[in-house]
Amino acid sequence: MYNNEPCHFILKIRANAIMVVSISNEDQLFLVMLGERITRLRKAQSMTQLQMANVLNVSQQTIQAWEAGRRRIQIQVLPKVAELLSVTLDELFSEEPAKLACKSSPLPK
């Protein structure tokens, strides 16, 4: 899956314009690993993708794409993601599984 060819992301610029952006394999690997951490943390709290999407005001497909490493998470959303998953941003970005201790908290209403 990770060869020397750049990966491509499609970014929606405006309602009627799209742009394809290449990202490095290193960035792609980071997005996949981040998505796996988000999935693990979400499931540890018995939260569905739809519940997470509703709280973050995004679609379930967006959550699915984040978790698969197919879409970048907007920087302004990252603190909300970390808070919802009951971790700090450092813990969310950490490559060490030990830092991802499950801290369950009730879903916001």
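Here, residue 1 is the first one in the sequence, and each next residue gets the next number. Since the model is a prediction, treat every value here as computed from it, not as a measurement.
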Within this structure, what is the [atom1]-[atom2] distance for the pair [X] and [Y], rounded to the nearest 0.5 Å?
X     : Y     : atom1 : atom2 : result
Thr39 : Glu67 : OG1   : CD    : 3.0 Å
Leu31 : Arg70 : CG    : CZ    : 12.0 Å
Ser24 : Glu26 : OG    : CD    : 5.5 Å
Ile38 : Arg42 : CD1   : CZ    : 9.5 Å
Lys80 : Leu85 : NZ    : CG    : 14.0 Å

Does a donor on one side chain and an acceptor on the other come within less than 3.5 Å for Gln64 and Gln49?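 No, no side-chain donor-acceptor contact under 3.5 Å.
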Might you point out which heavy atoms bring [X] and [Y] nearest each other, and give the distance in Å?
X     : Y     : answer
Leu84 : Gln45 : O-OE1, 3.5 Å
Ala68 : Val32 : O-CG2, 4.1 Å
Met47 : Met52 : SD-CB, 3.7 Å
Leu92 : Arg37 : O-NE, 2.8 Å

Backbone of Thr48 reached by a side-chain donor or acceptor of Gln60 within 3.5 Å: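 Side chain of Gln60 to backbone of Thr48: no pair is present.
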Might you work through the side chain to side chain contact (heavy atoms under 4.5 Å, CB included) test for Ile73 and Thr62, ending with a clear yes or no? CA-CA 9 Å; Ile73 303 173; Thr62 295; over 6 Å; no
Heavy-atom distance under 4.5 Å between the side chains of Trp66 and Leu34, does that happen here?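 Not touching, per the 4.5 Å side-chain cut-off.
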Is it true that Leu50 and Val58 fall in one hydrophobic cluster, defined by side-chain heavy atoms closer than 4.5 Å?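 Leu50 does not cluster with Val58.
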